[in-house]
There are 2 protein chains.
Amino acid sequence: MRQHITIKDIARIAGVSTSTVSRALSNSPELSEQTRQRILEICRREGYRVNALARSLICNKTNVIGLIVPEVTNPFYAELSLGIETHARSLGYNVILCNGQNDAKVTEELFGFLISHQVDGIILASSQQDAGTMIQKLAPRLPAVLLGTPALVSGDEVNSVCIDNLAGGRLAAEHLLELGHRDIVYLGNRPNSLTHQLRLRGFTEMMEKAGIIPQVIDNPHGCSSIDIGCALSRKLFANGCSATAIFASTDSMALGVLQAADEYGISIPEDISLLGFDNIIYSALPKIELSTIDQRKQLLAEAAVDLLTRIIDSNEQDEFTHRMIRPTLVSRSSCRAPKK
Amino acid sequence: MRQHITIKDIARIAGVSTSTVSRALSNSPELSEQTRQRILEICRREGYRVNALARSLICNKTNVIGLIVPEVTNPFYAELSLGIETHARSLGYNVILCNGQNDAKVTEELFGFLISHQVDGIILASSQQDAGTMIQKLAPRLPAVLLGTPALVSGDEVNSVCIDNLAGGRLAAEHLLELGHRDIVYLGNRPNSLTHQLRLRGFTEMMEKAGIIPQVIDNPHGCSSIDIGCALSRKLFANGCSATAIFASTDSMALGVLQAADEYGISIPEDISLLGFDNIIYSALPKIELSTIDQRKQLLAEAAVDLLTRIIDSNEQDEFTHRMIRPTLVSRSSCRAPKK
DNA sequence: CTGAAAGCGCTTACAG
DNA sequence: CTGAAAGCGCTTACAG
């Protein structure tokens with residue numbers, strides 16, 4: 001069944017050596033145009049397809065990039081991975097997209113899988129604190145880029161691309177302050193996520209300048225989701241919530257807030273303003289209309305691929321690059337001035 | 001830089017032949033437990049990792065399944081791919097997830113990529129009419145399963161797993177009829193999609209039994225999305241819409257209807273009831289609360305993987321299997337009885 | 001229980 | 001311009 005046709009078969013049919021077939025396929029210049037065409041025609045006719053495994057084994061290059069995301073079901077990562085795949089393809093690389101499932105064990109296995117398969121480099125998208133350390137430990141020597149978390153701050157020797165979360169937090173604070181909010185909740189802070197730490201820090205610093213100390217509600221889970229956002233908000237609302245605005249750590253969390261608010265008869269934005277972070281496509285839906293901080297996924301994706309391929313090509317690694325992208329505010333209708 | 005440690009290095013360090021190292025790694029029984037442990041310890045210490053390319057080349061088996069989805073950014077496919085990956089992993093297979101981007105050219109390239117990389121089998125998730133033919137043409141001889149479209153009907157010689165779309169269409173019709181609707185629009189029919197044809201047929205057959213001929217609005221694009229749903233609905237609403245209910249061909253399309261309705265000041269479900277198809281997670285959001293037909297992604301995913309691995313193991317292919325999963329109605333609040 | 005040898009499908013110096 | 005040979009990293013009969 002799995003009997004593929006090989007270069008040997010083609011050589012036999014064409015009456016040439018395997019070397020010649022190989023050269024015809026790789027567009028080697030040292031070959032008469034005539035024989036090349038004749039051989040290529042035979043390949044086409046016989047449905048020949050090069051065995052990438054064998055070729056990569058020889059060339060020590062696969063032209064494959066491994067991409068690990070925490071969860072494809074989160075639209076933020078789905079959109080990000082689409083951007084990465086598209087840009088990588090335009091540069092001649094294929095992408096193997098893997099689902100870490102927010103699980104360190106699975107992620108570690110995926111590293112093993114990708115390395116075993118000799119990928120040329122790895123992009124790890126993560127908001128986990130230890131993502132940089134993971135790369136160092138699991139893929140030393142392999143070109144790698146950490147996407148979404150600034151490795152610079154954590155001191156790991158890895159390359160990274162991410163949004164400026166500090167600036168993002170500040171943007172959020174400015175927006176809510178300008179609208180006149182004073183009693184504000186930051187919902188869903190993940191203490192073990194550097195990304196979230198920075199987001200929070202930018203937010204609180206700006207708030208404190210205005211003499212305000214926001215209430216911070218931690219998210220003890222390793223990820224953010226609608227369900228978690230909903231659960232945390234239920235607790236908040238159950239205890240009676242005086243705040244006029246909630247800044248949710250991600251859009252998914254914000255969608256959860258929306259759900260809990262609905263259950264408690266709280267209107268958004270009439271009773272409470274809601275601001276998210278990420279700008280996933282569902283935030284733009286009517287009835288949702290979530291104001292949010294845009295992570296600019298397209299820019300992130302391209303920067304990560306560009307950086308990784310540059311490292312792969314340079315074949316050296318004695319300095320590390322960190323790129324930060326500036327976030328922007330997307331103002332929709334989930335935020336307004338507080339009631340007097 | 002990309003100097004990996006090989007079996008030869010291990011052999012040298014351990015003072016044995018490469019054969020022995022290989023046997024230690026593959027848990028071959030013909031080996032003293034003592035040397036095995038000694039060798040494995042060295043491998044661990046040196047951070048040795050088997051080169052999957054070389055191993056697969058010899059074994060003629062990769063334990064990798066290729067999965068092509070039209071778009072990971074569609075939550076339906078994102079959830080489906082998660083189910084497939086999880087189930088495949090539990091059976092010892094890794095999954096290479098690829099993004100067809102709703103583009104025949106890209107999909108064809110992906111087939112080439114996967115076949116070149118010697119995957120053991122392919123799952124193609126698609127709602128395109130010609131998906132079965134594509135498999136036959138691009139991957140004859142390779143174990144493959146078409147997911148989401150019934151190959152049986154199209155007469156292609158491929159295996160398939162899908163929901164019973166005819167039954168799904170009937171379920172939708174029954175629900176709207178029971179609520180008392182008589183003036184109904186089916187929005188987003190894709191004439192070149194067998195899946196959608198069946199959905200429509202089940203729907204109209206049931207309607208016609210009740211003496212009703214629904215208005216059908218075609219979707220000329222090759223895919224369904226929020227934007228397309230919105231654009232089609234705008235046209236519908238702009239011309240004045242008498243219908244009391246809309247059955248959208250997918251949940252994404254339904255979200256687009258919601259958006260257009262909002263623009264035209266039409267309330268759902270007060271003015272018009274809205275029913276979707278798929279049951280993506282965003283349909284469950286408050287304020288959205290979309291009634292829909294559940295495709296039961298988990299069952300689909302598992303059935304596809306089970307079928308594919310069975311074919312891979314059997315190593316023969318002279319009969320083709322078609323599995324259909326029964327859809328269910330998920331009734332939320334976007335559908336109600338029409339105003340008198 | 002262990003090793004030498006052949007071979008998986010390919011590429012690339014090295015000759016001619 | 002073309003071919004014979006070596007080799008990528010591994011596995012597996014075949015001897016011993």
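In the text below, chain A, chain B and the rest are named by the order of the sequence lines, each starting its count at 1. These numbers come from a predicted model, not from an experiment.
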Residue mapping more 5' on DNA chain C - nearest nucleotide basis, B:Ser19 or A:Leu57 |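 With A:Leu57 and B:Ser19 compared, the 5'-side residue is B:Ser19.
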Quick one: on DNA chain C, does A:Leu25 or A:Lys8 contact a more 5' nucleotide (nearest heavy atom)?
->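 The answer here is A:Lys8.
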Return the value, rounded to whole Å, for the distance between atom CD1 of A:Ile7 and atom P of D:dG3.
->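 From A:Ile7 CD1 to D:dG3 P: 12 Å.
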Write down the distance between CD (A:Gln118) and C1' (D:dC10), rounded to a whole number of angstrom.
->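 Taking atom C1' of D:dC10 as the reference, CD of A:Gln118 is at 11 Å.
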Within the pair [X] and [N], is there a side-chain N or O less than 4.0 Å away from OP1 or OP2?
| X | N | value |
| --- | --- | --- |
| A:Tyr48 | C:dC10 | yes |
| B:Thr35 | C:dT2 | yes |
| A:Thr20 | D:dG3 | yes |
| A:Thr6 | C:dG9 | no |

Distance-only donor-acceptor test, B:Arg23 side-chain atoms vs C:dG3 base atoms, 3.5 Å =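 Side chain to base: pair present.
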Straight-line distance of A:Tyr48 OH to A:Ile7 CD1, nearest 0.5 Å =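 The CD1 atom of A:Ile7 is 4.5 Å from OH of A:Tyr48, to the nearest 0.5 Å.
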Intra- and inter-strand pairs of DNA chain C in dot-bracket (Watson-Crick or G-U wobble, both distances under 3.5 Å; | for another strand) = |||.||||||||.|||
A:Glu33 and A:Arg36 ion-paired at < 4.0 Å |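 Yes, charged N to carboxylate O under 4.0 Å.
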